[in-house]
Amino acid sequence: MYKVAIYGKGGIGKSTTTCNLAAALAAQGFTVMQIGCDPKADSTHLHRGGDALPAVLDCMREGGALDLSRIVRRADNGVLCVEAGGPVPGIGCAGRGIIAAFEALEKLHAYETYQPDFVLYDVLGDVVCGGFALPLRGDYADEVLIVTSGEMMSLYAASNIMHAIDHFKKRGYAQLRGLVANLRNIDDEQEKIARFCEEEQAEVVATIPRCGLIQQAEDAGATVIEAFVSSDLARAYRSLADLVAQDAERKGA
């Protein structure tokens with residue numbers, strides 16, 4: 001089992017990137033589990049085509065025995081979907097919610113039951129408090145990908161996440177694999193990202209071009225991997241999947 005934590009500023013396209021990465025890996029025959037770690041519980045919607053999926057925390061609030069069949073849903077494309085969820089709006093800590101959801105999955109032996117080859121954590125990255133930093137721990141993730149554009153606030157969030165990773169590196173936490181440049185077509189965007197990487201000693205491991213096919217696929221409730229199989233955009237996502245698969249093979253996962 002190889003585990004990848006995918007971080008990024010809210011609204012940067014992190015969930016879209018994660019969904020397409022998961023779909024590309026599943027299309028290669030791997031068993032993939034995608035765990036949404038955003039209180040909005042909307043990470044896996046492109047896999048489910050509108051099919052409702054109860055969040056782990058919602059099920060826990062309802063009381064009674066928690067059952068894997070309620071909180072893990074295998075989508076038509078094969079991806080195993082999980083949404084951690086969050087507290088009631090205005091009450092409680094979303095970071096603590098992630099911790100509670102992870103503990104519930106472990107208690108129910110979710111990983112042993114489904115035996116995924118890959119686990120992808122889709123994590124909100126505007127802030128990296130204790131709960132949101134949990135997927136960085138070495139027993140949860142092997143590597144971290146940060147989705148960014150060349151926009152200032154996106155790069156600022158990426159810098160914060162990288163500093164958190166650096167802070168934890170002596171504890172055996174996950175290591176930064178690199179940045180996924182999800183382009184927005186702003187002026188000199190790739191040059192801005194390159195300068196950022198030089199300053200932060202990071203690298204771009206994948207570039208996702210700005211393309212209307214993303215919105216068209218989302219409007220159809222599908223990933224680009226499924227809706228536009230032969231497109232350049234799908235090839236970019238498949239290249240990212242190849243990179244992750246090669247990393248897993250190289251590290252013996």
Salt bridge between R184 and E189, side-chain N to carboxylate O under 4.0 Å? no
Gap separating the CD atom of Q34 from the OG1 atom of T44, nearest 0.5 angstrom: 6.0 Å
For D242 and Q28, which I'm curious about, is there any donor-acceptor pair between the side chains at under 3.5 Å? yes
Sequence neighbours left out, what passes salt bridge (charged side-chain N to carboxylate O under 4.0 Å, His left out) with E203? Give chain and number order. R177
Please list all pairs passing the salt bridge (Lys or Arg N to Asp or Glu O under 4.0 Å) test where one or both residues lie in residues 223-232, with sequence neighbours left out. D232-R235
So which heavy atom on A202 is nearest to which on L176, and how close? CB-CD2, 4.3 Å
Determine whether more than 12 heavy atoms belonging to other residues, nucleotides or ligands lie under 6.0 Å from atom CD of Q201. no
Quick one: side chain to side chain donor-acceptor pair (under 3.5 Å) partners of E218, sequence neighbours excluded? T16
Within the supplied structure, the quantity of interest is the number of heavy atoms (other residues, nucleotides, ligands) at a distance under 6.0 Å from Q215 CD; does it exceed 12? yes
ring-ring contact (aromatic ring centres under 6.0 Å, His included) partners for F102, two or more places apart: Y121, Y140
Sequence neighbours excluded - salt bridge (Lys or Arg N to Asp or Glu O under 4.0 Å) pairs with any residue from residues 41-58: D51-R73, D58-R61
For Y156, I'd like to know if atom OH has over 12 heavy atoms of other residues, nucleotides or ligands within 6.0 Å. no
Heavy-atom count check: over 12 atoms from other residues, nucleotides or ligands less than 6.0 Å from N185 CG? yes
Restricting to salt bridge (charged side-chain N to carboxylate O under 4.0 Å, His left out), what partner residues turn up for E103, sequence neighbours left out? none
Within this structure, what is the CG-OG distance for the pair L179 and S149, rounded to the nearest 0.5 Å? 11.0 Å
